[in-house]
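Each remark here refers to the structure printed beneath this line.
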Amino acid sequence: MSKQITIQDFIGVRAEYDQDGTYIWGVSSKDELQMIGEVRGWGAIQNLFINDEDAAMKFQDDLGEFIADAINEKLERER
């Protein structure tokens with residue numbers, strides 16, 4: 001019988017947001033990366049910040065960090 005893999009096993013020890021690629025990565029205990037998500041919604045985000053692309057990019061990065069932090073908080077609670 002095979003071992004049941006949990007979501008926590010798949011994500012690893014923590015989640016990280018990659019500002020250069022807008023990806024959210026799961027990081028294993030050996031620092032191996034597994035992509036678990038991508039921050040999307042650029043069309044809506046850029047429309048929130050008309051004529052201010054720097055603010056839109058910062059907002060997108062802040063959103064990615066927010067999501068990664070939420071994942072990390074849940075991982076910590078369930079340990």
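Note that this is a predicted model, so its numbers are computed, not measured. Only heavy atoms go into these numbers, but all of them, side chains included; no hydrogens, no water, no symmetry mates.
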Minimal heavy-atom distance between A15 and A68, with the atoms involved, is CB-O, 4.1 Å

Who pairs with R77 by side-chain hydrogen bond (donor to acceptor under 3.5 Å, both in side chains), at least two apart in sequence or on another chain?
-> none

What pairs of residues pass the side chain to side chain donor-acceptor pair (under 3.5 Å) test when at least one of them lies in residues 34-44, not counting sequence neighbours?
-> W42-Q46

One should read off an interatomic distance between I71 CD1 and I11 CD1, to the nearest 0.5 angstrom, of 5.5 Å

What do you reckon, is CD of E78 surrounded by more than 12 foreign heavy atoms closer than 6.0 Å?
-> yes

Within one Ile-Leu-Val-Met-Phe-Trp-Tyr cluster: F10 and W25, side-chain cutoff 4.5 Å | no

Taking only residues two or more places apart in sequence, or in another chain, which ones meet F66 in a ring pair (Phe, Tyr, Trp, His ring centres under 6.0 Å)?
-> none

Distance from Y23 atom OH to Y17 atom OH, nearest 0.5 Å?
-> 10.5 Å

With a 4.5 Å limit on heavy-atom distance, are the side chains of R79 and V13 in contact?
-> yes

Which ILVMFWY residues are connected to I5, directly or by a chain of links, through side-chain heavy atoms under 4.5 Å apart?
-> none

Within 6.0 Å of CG in N51, more than 12 heavy atoms from elsewhere = no

Keeping to residues at least two apart or across chains, list the salt bridge (charged side-chain N to carboxylate O under 4.0 Å, His left out) pairs with something in residues 57-71.
-> K58-D62

Please say whether more than 12 non-hydrogen atoms of neighbouring residues, nucleotides or ligands are located less than 6.0 Å from CD1 in I7.
-> no

Pairs where residues 7-23 contributes a residue and the test salt bridge (charged side-chain N to carboxylate O under 4.0 Å, His left out) is met, not counting sequence neighbours | K3-D9, R14-E16, R14-D31

CE on M57 to CD on Q19, rounded to 0.5 Å = 11.0 Å

To the nearest 0.5 Å, atom CD1 of I67 lies from atom CD1 of I24 at 4.5 Å

